[in-house]
Amino acid sequence: MAAPIQWARYQWQNVASSDSTRDGNEDSPPHRRLLGFGRQSGKKTTRHRIVIPCLDHFKEEYEKLTKGYKNNRIRTTKYTLWNFIPRNLFEQFHRAANLYFLFLVFLNWVPLVEAFQKEITMLPLVAVLTIIAIKDALEDYRKYKLDKVVNNLLTLVYCRKEKKYIETCWKDVYVGNFIQLRCDEIVPADMVLLQSSDPDGVCHIETSSLDGETNLKQRQVLKGYAVDCEFDPEKFSSRIQCESPNSDIGRFKGFLEHPNKEKIGLSKENLLLRGCVVQNTETVVGIVVYAGPETKTMLNNTGPRYKRSQLERKLNTDILWCVLLLILMCLVGAFGHGIWLAGFQEFPVFILPEPGGQHTPPALAGFYMFWTMIILLQVLIPISLYVSIEIVKLGQIFFIQNDKDFYCEKSDSMIECRALNIAEDLGQVQYIFSDKTGTLTENKMVFRRCSIAGMEYSHEANAKRLNSYQESDLHREDQSDVQCVPRSNVYSHKSPSPNVIRTALSSKSLSKLSASSLEAGTDVDGTSVSPHTRHVAFSSPMETDVKPDPRLLRKFKITPHWLYRSDQADEATQEMSYIVDFFLALAICNTVVVSSPNQPRQKMRIPSIAKTPLKSLEEIKQMFQRFSVRRLSSSSLSSTRESPSENSNYFMSKLPFFSRLKLALPTTEGMDQTVNEFRAAGTLDLINELEPDSLEKSGHLSACEALDKSAPSELCYEAESPDEAALVYAARAYRCTLQSRTPEQVTVEVGFLGSLTFQLLHVLPFDSVRKRMSVIVRHPISNKVVVYTKGADSVIMELLSSEDKKTEVLEENIQKLTQKHLDQYAKCGLRTLCIAKKVMTDSEYAEWLHSHFLAETSIDNREELLYESATKMETKLTLLGATGIEDRLQEGVPDTIESLRKAGIKIWMLTGDKQETAINIGYACKLLEHSDQLFTLNIDSKETCEALMDTIIEEIESCISQPDSKKGCKLLCDTHKMTEIHFALVIDGKTLELALHETLQSKFIQLTSKCRAVICCRATPLQKSQVVKLVRNNLQVMTLAIGDGANDVSMIQVADIGVGISGQEGMQAVMSSDFAVSHFKHLKKLLLVHGHWCYTRLANMILYFFYKNIMFVNLLFWYQFFCGFSGTSMTDFWMLILFNLLFTSVPPIIYGVLDQDVSAETLMVLPELYKSGQRSDAYQPSTFWLTILDAFYQSLACFFIPFFAYFGSDLDIYSFGNLIITPTLFVVLLHLLIESKSLTWIHWTVMVVSVVAYFLFSLAFGALCINCNPPANPYWIMQRNSMDPVYYLICVMSVIVALLPRYIYRVFQGTLYPTPQLRAKLLDLMTPRNRMEAIKIWIGTKTPEQVDNVFYATDGTNSAKESDETDCMLTEDTDLPLPGSVVVV
């Protein structure tokens, strides 16, 4: 049998590879592109990895194959002890400024152009390089210590020499080694699971170190390997062929080949990734396929992200202008020196000739002087600016991360800044692209409504419960949540040892390892590893406590009486079949792990039917003969409650045997014969008496309901998504309880039927392309293959069809009614899912299984083959019903969106939900307003899409130009101002794909730029990233993308700023983001306050640095006019170096970290102030050039006032230089005080320290340095000048004359033409009462109560409750048919 299958497989691969080669350059369908299909795989260039075991009989082949494979040693450090200096210098000199200053250092060593002492010129560059090198070294050393700890962790590796497992360091693990792991141990390398102590061959792992998800995930032992007996590595003689190492965590392709050429497909379900933690299995064994740097975990460890901010790009442009200015000044000096020398008839005596006795010609001397001036005026390019910017950014990030308003008490988390160099971009955001689920909403999915067989069940009791539920009651929620306590570590030693370190670290994720916690062999957790309590995700009372609908609950009272009426096609029976299948699909079609709340990491196990011996027919007869209604009386039930074991064995476990007996009888004749035997015994008549009314009267129904309500509390559901958890809890509310799940079977407790065990044949997981998932099971009653499918209505409705003409009309009616209910659910903002099923014959399933096996065992084109196989299975479905799940808005979302919109930010919602749901949420969160004119694009053809976009653009332009000319543009508000005309666009996924085409991109951008809000629904992750990239590149705007799930990662990475929300869907978005927050409302303060501060602070600090350096350099430049442009300076070179490097470097850093132009409270209540950052008001080209002109003017004042004061005197050069430098220092520092918007004691302290340091250095230098720079003599200069009263007069006069224009400008600006920031600054100086009145006048449109609420809610919260959900409740339509007529033609 294996030979034909393998032959067919090879033929299929050859055809697939040839097709991909032939069609690799052709256009692929959308689903192929989304899955990565259509890419040319290559004929012979594709390399696969072959893994063979490290055993004696494979020794030679093993050494040959694994020679090029990496071992398990990891190194995340960038440097080593030997290459640190050269590599660090190499990386630092990638910065153009460092190369520039290095060039000047070498230039100063040329004797002909030397301006300063050679060694001294190197000091600024050496200081900057040293500071950065020390920072890099400390960071790298921390990584080295952590790498050392990880590499020396111990694990059990099979030794082929000793024939047993021995403890081996992680770094000594190689590809092909057999690894044995125990509970709570970390997986050291990527390995294929070969054995598990679990009887079902399952290993549960926790992947929090990879994706942040704490829910358990199942991994399956390879088919055909023993799970009950111990695995013997010596008997393993197979080999593995898999794909080459790659970073895709969600994919693994390969197959295992036995010596008889039989092959078994490998997938991610068989792979344990490095860093995962084994949670519920005593022992597992696997073979390593990827080790060390080739593991998927390490390949995803790309290190910190680097982005260049917009302000940094402008800075680079202005530095180029400074370079041009420097060249111009040097050219002036060169020509001036040449002209000055040419003016002498004879060379003066102070110009020394060359060694040959000849003088340098004036032209050549001017050329040399050009380079000398470059060295002299080098400070014009601020080398310390880059270091100062890094320090300022670190300070800004520090204050952002320590803002208590970003603290989330529920998750005990703060904001996390992952990108340290784009904080100022937060103050210039113009577009925000937001996900909906989990970003704007809580991602707490609550079952709200459902439609089954065309009948709608409103669940009004559940709606009332949700309305009255207060999520803020954290104390009650903490008590009600299921506490999950992981198993304590099985290895505990009192004394420190390698075992202690290994097992202690195994209880933690790799992401939480701390090198400092393992010094001196101490335990990470201290003396012992104590178990800690934890909560199961998606298990809050709001999510788990589902109130069933009374109508539906009455219909769902399944009794044995119903089982024997299956041959009668009456209305109730058909409706009941839909209901049963609907809730079975909710309970089965998922990947939920069932565990016990006391020990949630231990899987719940129900004995298999195959392993349970059936009673004989005589025993079953006797059992039913003893069964009577009298024993169901309340008196006997009281005794039953006292004996739970008897109760479970007496009543609930008997009907399952009855169903098992039916399943065991394959023919209808046998079943009828058994029924007749039961009738003869009088048992069936007794069963027929179990009508619902009689059960209610006897009190047994209430007792059973009590048992059903108590039973679920013994189970703990761990789901990978909140949708799955919500549906499972809904099924449990209707006594269709998921009891256990193994890779081979699923057990569900169904009302009075008891436990039904379904054989699990296949699971077709959910993906963003198919937008659905399916499970294939063998039904325990009908013994048929049944496919249960759930997914988006847009795809499920297209897969429906009926082969039976008798039921075709019925199913069409159900589809129409269900679609109507889906539309109503979407209008209420509910998330919708469709539930469908399909019954297959064994032959049909066998045929599909054959093709699916070919897809599973393929390496090349595997995703495409699996997609086609799943599509082939999920056809001709029968619609069972639909669900409406509520995902409530997060707290503060409407207020945040309203504030961001007032700040001039356009917000787009990119979601995969239905159009109606997205629109409803848009109105609820105030993204859309009822006064907005809403345009909708739902087009299937490109030509129609283009024509409709043109029409909409024309209508918008006409409305803007003539707002009252068209009725469609009239507003719903009282005012008709042009600014009140707002437009919104809603576009679905199919139309969005057309709009993203190259020919329509410009029109799409033109249309969306005229809309205040855009909603893209049914958007795929790829489309999200394409939209963000399109807007960013075409409009040249600052974009921010925010999301919480893995489907938002591409969008977050494409945007200028990526923000991840640490929600309930893991940490994929957070790990790919630049900033991580816990709630959407935190975006308000992050942008309006910290973003505004970071931008204005850094922009003003950069301008101040340019001003300071240019002013100081101009002093040297003006002096050249009086020294023949000889390249000399009027002060010592130490003063030239330390003036910018020491005396005036700290104040601007403090200014860049602490300055506040407006208080945080005012920025929060007046979002309009944020617009200045969007316009880049603080750093415009005009502002830059005005700063340059001001620096030139102030340098003129500081130079020529002392010059004319001592004109004609015998004052020496250095004394004259001291007269210039001293007032310049005061001018520079007082200039910063004028520009500062807020002053603290830190500002004053730094200013005083800078002045004192200058005078102390000048006095000490003048007293001690006599022959430091011969022939110059700075001795006692400061002392002599300080004794001259004219010295102080000159300083005061220079400061006043230099700063007076700027001071007058700021005074007139603040009084006559104040900016919004200056007006807001005045509000902070008012008394609280006057301030509130002024803010009310400023806002104008708000009442005092609204202003008070907004003003005091500085953390972005909104105390007002959201709109009442009952307004959106659907009323029962009187036109709807009765229950019976819904399901019967």
Side-chain angles (χ1 to χ4, degrees), residues 403-405 427 429 889 891-907 923-932 971-982 1012-1013 1080-1093 1096 1156-1175 1177 1237-1238 1309-1363:
D403 191 336
K404 62 180 181 180
D405 289 336
V429 175
L889 283 178
E891 183 184 9
V893 168
D895 175 67
T896 301
I897 291 180
E898 183 180 8
S899 298
L900 294 177
R901 176 169 288 167
K902 290 181 179 179
I905 300 175
K906 290 188 176 182
I907 304 176
Y923 281 113
C925 67
K926 296 185 179 180
L927 179 63
L928 301 176
E929 296 181 358
H930 294 287
S931 60
D932 293 345
L971 302 176
L972 299 179
C973 52
D974 296 334
T975 178
H976 290 272
K977 296 180 180 179
M978 188 173 298
T979 56
E980 294 295 330
I981 301 179
H982 300 301
R1012 186 173 65 166
F1080 183 85
K1081 67 180 181 181
H1082 293 159
L1083 206 62
K1084 179 179 179 181
K1085 188 171 187 181
L1086 180 63
L1087 298 183
L1088 302 186
V1089 178
H1090 290 284
H1092 175 81
W1093 282 348
T1096 55
Q1156 294 183 8
D1157 57 343
V1158 186
S1159 66
E1161 292 79 7
T1162 305
L1163 288 172
M1164 292 287 284
V1165 76
L1166 298 176
E1168 297 84 359
L1169 300 176
Y1170 184 81
K1171 295 180 180 179
S1172 62
Q1174 296 173 333
R1175 298 188 300 265
D1177 290 346
K1237 308 303 186 298
S1238 61
Q1309 184 186 36
T1311 54
L1312 299 180
Y1313 306 102
T1315 62
Q1317 285 72 27
L1318 291 176
R1319 292 173 53 201
K1321 183 66 177 177
L1322 296 177
L1323 299 177
D1324 298 331
L1325 304 178
M1326 298 179 181
T1327 61
R1329 179 180 295 274
N1330 294 336
R1331 184 184 182 193
M1332 290 301 303
E1333 293 298 329
I1335 290 177
K1336 295 172 186 177
I1337 296 174
W1338 185 312
I1339 296 176
T1341 59
K1342 291 194 175 183
T1343 63
E1345 292 77 14
Q1346 291 175 320
V1347 175
D1348 293 339
N1349 293 334
V1350 175
F1351 183 77
Y1352 290 109
T1354 58
D1355 58 344
T1357 58
N1358 186 9
S1359 58
K1361 294 182 180 179
E1362 310 298 339
S1363 58

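All residue numbers refer to positions in the sequence shown, counting from 1.
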Taken to the nearest 0.5 Å, the spacing of K1081 NZ from T896 OG1 works out to 8.0 Å
Determine whether a donor-acceptor pair (N or O, by modelled atom type, separation under 3.5 Å) exists between the side chain of K1084 and the backbone of S899.
no
In plain terms, say whether E1333 and K1336 are close enough for a salt bridge, that is, a side-chain N and a carboxylate O under 4.0 Å apart.
yes
Would you say Q1317 and H1092 make side-chain contact, with heavy atoms under 4.5 Å?
yes
How close do L1166 and W1338 get, counting heavy atoms only, and between which atoms?
CD2-CD1, 3.7 Å
Which pair of heavy atoms, one from L1323 and one from A1334, lies closest together, and at what distance?
CD2-CB, 3.3 Å
Does any part of the side chain of L1086, heavy atoms only, come nearer than 4.5 Å to the side chain of H1082, both counted from C-beta?
no
Give me the one residue out of R1331, R1319, Q1156, K1321 that meets side chain to side chain donor-acceptor pair (under 3.5 Å) with T1162.
R1331
Side chains of E929 and R901, heavy atoms from C-beta outward: is any pair under 4.5 Å?
yes
Return yes if some donor-acceptor pair links the side-chain N/O of W1093 with the main-chain N/O of G427 below 3.5 Å, else return no.
no
Closest approach of A1320 and V1158, non-hydrogen atoms and distance?
CB-CG1, 3.9 Å
If you take all heavy atoms of Y1170 and L1087, which pair is closest and at what distance?
CE1-O, 3.1 Å
From OG1 (T1311) to CD (Q1309), nearest 0.5 Å:
9.5 Å
Is there side-chain contact between I905 and Q1174, with at least one heavy-atom pair below 4.5 Å?
yes
Minimal non-hydrogen separation, K1237 against D1157, with atom names
CB-CA, 3.4 Å
Heavy atoms only: give me the nearest L1088-P1167 pair and the separation to one decimal.
CD1-CB, 4.0 Å
Approximate separation, where rounding is to 0.5 Å, of Y923 OH and D932 CG
7.0 Å
